[in-house]
Student: 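Here it is, the structure, as structure tokens.
Just so it is clear, the model here is predicted, and its values are computed rather than measured. Each chain gets a letter, A, B and so on, in the order the sequences are listed, and its residues count up from 1.
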Amino acid sequence: MNLSEENRLILSMAREFAEKYVEPAAVEIEKSGIPGELLDRMSEMGYLSAALPEELGGAGVEKSSYLLILETIAKHSPSLSFYTYLQNSLVLGALSLHHVTDAAGAAIKSIASGRKSGTVILDSVLSARGASSLELLEEGSVAGSAEYVLNPGADYVVAAADTKDGSALCLLDGGAWPSVHGHSLGFRGIGFGSLVIGSARANTHVIASTGGRQSVESALSRGNCAAAAIALGMAESTIERAVDYAKGRKTFGSRLVEYTPLAHSLSSVMAEIEICREYVYGKAAEGEKEGLVAKLHATQLAVSASKLSMQVHGGNGYFEEYRIEKFYRDAMALNAFSGNRNADRERLARMLLGDGSASI
Amino acid sequence: MDFDLPDDVRAMKKKAREFAVREFTPEIAAKFDEEENYPDDIRRKAFSEGYIDMSNPWGMLVAMEEFCRVDAGLGLSAIVPAFGSEVVMLFGSEEQKKNYLEPVMRGEKISGFAITDSGAGSDVAGISATLQKVDGGDYLLNGQKTFITNGAIADHFYLLARSSPAMPDKRHRGLTMVVVESRMEGFRATQLKGKLGMRATNTAELTFNNVRIPAANVIGEEGRAFYYVMTFFNISRIYVAAQALGIAQGALDRLKSYIASLKASGRPIASLESTQFLVAEVASRVEAARLLTYRAASYLFKFNPDPVATSIAKYYAAETATYAVTRVLEFMGADGITTDLERAYRDAKIMEIWEGTSEVEKLIIARMIDQREDAR
Ligand SMILES: Cc1cc2nc3c(=O)[nH]c(=O)nc-3n(C[C@H](O)[C@H](O)[C@H](O)COP(=O)(O)OP(=O)(O)OC[C@H]3O[C@@H](n4cnc5c(N)ncnc54)[C@H](O)[C@@H]3O)c2cc1C
């Protein structure tokens with residue numbers, strides 16, 4: 001893998017940061033959310049706005065550096081990594097697709113500072129059921145509800161809201177009432193719930209009066225390489241832990257790594273991770289197709305790697321204490337929350353096989 | 001060969017399904033999962049409706065399947081109070097049956113089966129708890145066990161310990177099974193929290209500090225318990241296969257109703273071939289797992305168990321449980337992980353681990369397949 005000077009510097013700083021601040025907080029994050037002081041530190045490092053260009057108030061690192069940050073944090077706390085991606089790729093990503101108004105500028109600033117946070121309503125993308133919808137009313141307020149919301153207690157909500165002739169992209173600064181569900185499958189450190197939205201005109205900012213849905217989809221699609229980097233970090237971490245365990249644990253007088261089935265399974269997943277990593281850093285940021293390929297592949301890899309790791313750990317892996325089960329849960333959550341897999345696969349088929357394919 | 005269940009088993013299956021749907025409501029299932037508590041109320045109801053009845057093994061098997069189809073954590077909790085009982089039934093003395101088996105069969109007591117310790121799970125002969133003979137023929141039990149189901153709620157355990165040092169190449173000798181009561185002095189149980197799934201079941205770590213075990217509590221013969229444990233697993237694995245089968249069938253049920261709702265709202269994905277193939281692929285494996293499980297059960301319940309058939313059923317059904325839930329969840333995405341399928345995803349994984357990991361089952365299949373009668 002060819003790392004630039006900047007990449008190398010950022011990677012070594014991210015590793016140090018993750019070991020010093022993320023690893024010790026990882027359990028607490030899962031139990032009671034991301035501590036405020038950790039967010040302050042994340043902000044100081046520029047992580048909460050890493051992907052946003054400097055002229056818009058972000059840290060403006062190279063795209064590959066942003067991916068390295070996500071990957072590194074995901075190795076210790078998938079929740080924190082996903083949160084970073086949610087702020088950067090989705091919230092700031094959607095806002096920065098358009099002319100930055102004063103309201104958007106203020107939101108960007110406070111998200112980058114870690115003092116406030118945002119979320120994006122993805123229901124219409126994530127759900128095939130045609131879940132809830134939002135409407136931009138004539139007097140300039142937004143009403144409706146959303147069911148699949150990560151970080152439901154966010155200060156800012158970015159959402160596409162239906163208008164008479166399409167959809168608008170709105171930034172809501174208040175006017176959203178969360179109800180948080182206990183015990184979601186994954187990313188427990190971020191929280192998951194639903195929102196009832198009834199914003200007043202004063203806290204509703206229309207960022208773009210048309211193409212709202214497309215903006216959200218575009219932010220998600222541009223973020224595919226970032227989702228792949230998170231998945232990669234999770235796969236690496238869960239397998240590193242399995243390898244350590246397999247080198248130490250003995251059954252029938254032999255270490256687990258000596259048994260061919262385990263050794264083959266572990267080494268082939270390690271090889272897959274290596275290939276995937278080359279692709280993620282070599283190509284994933286190049287275009288829509290590459291991002292999609294990377295995400296589909298890496299998220300699947302995170303699921304299979306976490307399953308193997310759990311199996312290698314035997315009964316121990318089934319308990320929180322060994323910190324393996326978290327990857328098992330989060331990998332599936334990443335699959336569900338980084339896009340709609342069926343729609344993504346159809347899109348990829350059409351890109352590779354042409355219109356009309358994958359339609360029957 | 002007859003692939004239809006007899007009427008009485010079919011009736012039991014239907015009754016068990018109704019019980020599960022009635023008792024394992026989404027709220028109750030979510031509550032015990034979140035709080036990581038054992039549902040004693042459900043245990044009592046299931047007992048009073050006759051789901052713990054060793055004289056009706058087919059009834060217990062299909063009840064296990066139907067219960068886990070609705071919710072595996074509650075489902076197992078309803079039947080697991082009698083865990084380990086087969087070992088006393090087969091190898092216990094009359095007195096042990098009277099003191100330990102019968103109260104469990106009356107729903108008054110809970111039992112557990114304690115083999116695993118922190119150093120050895122798959123490698124049963126590698127366990128470290130010890131039994132030391134003292135004056136008067138009693139034993140002193142020392143050591144620890146971990147991951148013991150019912151650990152903090154059981155009244156007694158059928159426990160494996162080493163009674164004479166392991167000889168190289170003959171490590172499976174010198175192991176003895178005893179009944180340990182939780183009220184005995186020197187016994188301590190600590191519930192283990194933070195399980196991925198099956199959180200309604202109780203799991204604990206046990207420690208023994210000079211626990212005095214009367215000679216009358218030795219099951220069968222001293223030193224021969226490795227064989228009893230393997231015999232027990234040949235029975236219990238069939239029930240694990242039924243748990244796994246229930247989970248897999250439950251995933252298929254949820255997939256079908258999800259697709260029906262997509263169809264009803266006119267979503268094109270409902271009619272794609274890829275969607276139909278998913279149903280076909282999951283359904284085929286579920287049916288294969290069911291046939292394997294029922295076949296292994298039919299040999300066992302005719303007192304002619306086939307360890308290869310049992311291990312094949314357990315291995316295949318366990319893999320089918322994780323396969324089915326994973327495929328369905330991947331398909332349903334956010335629409336799936338926001339439902340109780342997420343719990344099934346957490347519950348399913350244990351099937352590949354407990355009572356013989358998938359790897360251990362494969363070793364058994366490979367080692368024993370040549371010794372098997374060809375007719376099978
Ligand atoms: C929730 C829960 C409840 C449980 N309840 C009980 C109970 O009631 N009573 C009880 O006695 N135990 C119980 N167990 C323990 C369970 O049976 C063991 O965890 C299981 O047998 C695996 O043993 P282990 O955890 O020591 O893993 P290990 O034996 O250390 O195995 C680790 C990994 O190595 C693999 N492996 C080991 N040897 C080989 C080999 N030769 N070739 C290839 N692969 C190999 C295993 O398959 C596994 O993937 C429970 C466990 C859990 C998690």
Student: Atom CZ in Phe331(B), atom CZ in Arg341(A): separation rounded to 0.5 Å?
Tutor: 13.0 Å
Student: Quick one: which of Ala270(B), Pro268(B), Ser261(B), Gly194(B) has the most heavy-atom pairs under 4.5 Å with chain A, could you say?
Tutor: Gly194(B)
Student: Under 4.5 Å between any side-chain heavy atoms of Glu321(A) and Leu192(B), yes or no?
Tutor: no
Student: Does the side chain of Thr338(B) reach to within under 4.5 Å of the side chain of Glu147(A), using non-hydrogen atoms?
Tutor: no
Student: Would the distance check show the side chain of Asp123(B) and the main-chain N or O of Thr251(A) forming a donor-acceptor pair, the cut-off being under 3.5 Å?
Tutor: no
Student: Could you check if a side-chain atom of Glu359(B) sits within less than 4.5 angstrom of a side-chain atom of Tyr259(A), using non-hydrogen atoms only?
Tutor: no
Student: Which one wins on heavy-atom pair count under 4.5 Å against chain B: Leu126(A), Thr299(A), Asn316(A)?
Tutor: Asn316(A)
Student: With a 3.5 Å distance limit and no angle check, can you tell me whether Asp335(B) reaches the backbone of Ala128(A) through a side-chain donor-acceptor pair?
Tutor: yes
Student: I'd like to check Glu330(B) versus Gln300(A) (side-chain heavy atoms, cut-off strictly below 4.5 Å). Are they in contact?
Tutor: yes
Student: Could you check, using the six-membered ring where one of them is a Trp, whether Phe147(B) and Phe319(A) have ring centers closer than 6.0 angstrom?
Tutor: yes
Student: Should the heavy atoms of other residues, nucleotides or ligands under 6.0 Å from CE of Met270(A) be counted, would the total exceed 12?
Tutor: no
Student: So which of Lys362(B), Gln276(B), Glu273(B), Arg343(B) has the biggest tally of heavy-atom pairs under 4.5 Å with chain A?
Tutor: Glu273(B)
Student: If we only count heavy atoms from C-beta on, is the Arg346(B) to Tyr328(A) side-chain gap below 4.5 Å?
Tutor: no
Student: Among His181(A), Arg249(A), Lys250(A), which residue forms the greatest number of heavy-atom pairs with chain B at distances under 4.5 Å?
Tutor: Arg249(A)
Student: Would you say the side chain of Lys349(B) lies within less than 4.5 Å of the side chain of Gln311(A), judging by non-hydrogen atoms?
Tutor: yes
Student: May I ask you to decide whether Lys307(A) forms a salt bridge with Glu352(B), counting only side-chain N to carboxylate O separations under 4.0 Å?
Tutor: yes
Student: Taking every heavy-atom pair that is under 4.5 Å apart, which of Ile353(B), Thr357(B), Ile269(B) has the most such pairs with chain A?
Tutor: Ile353(B)
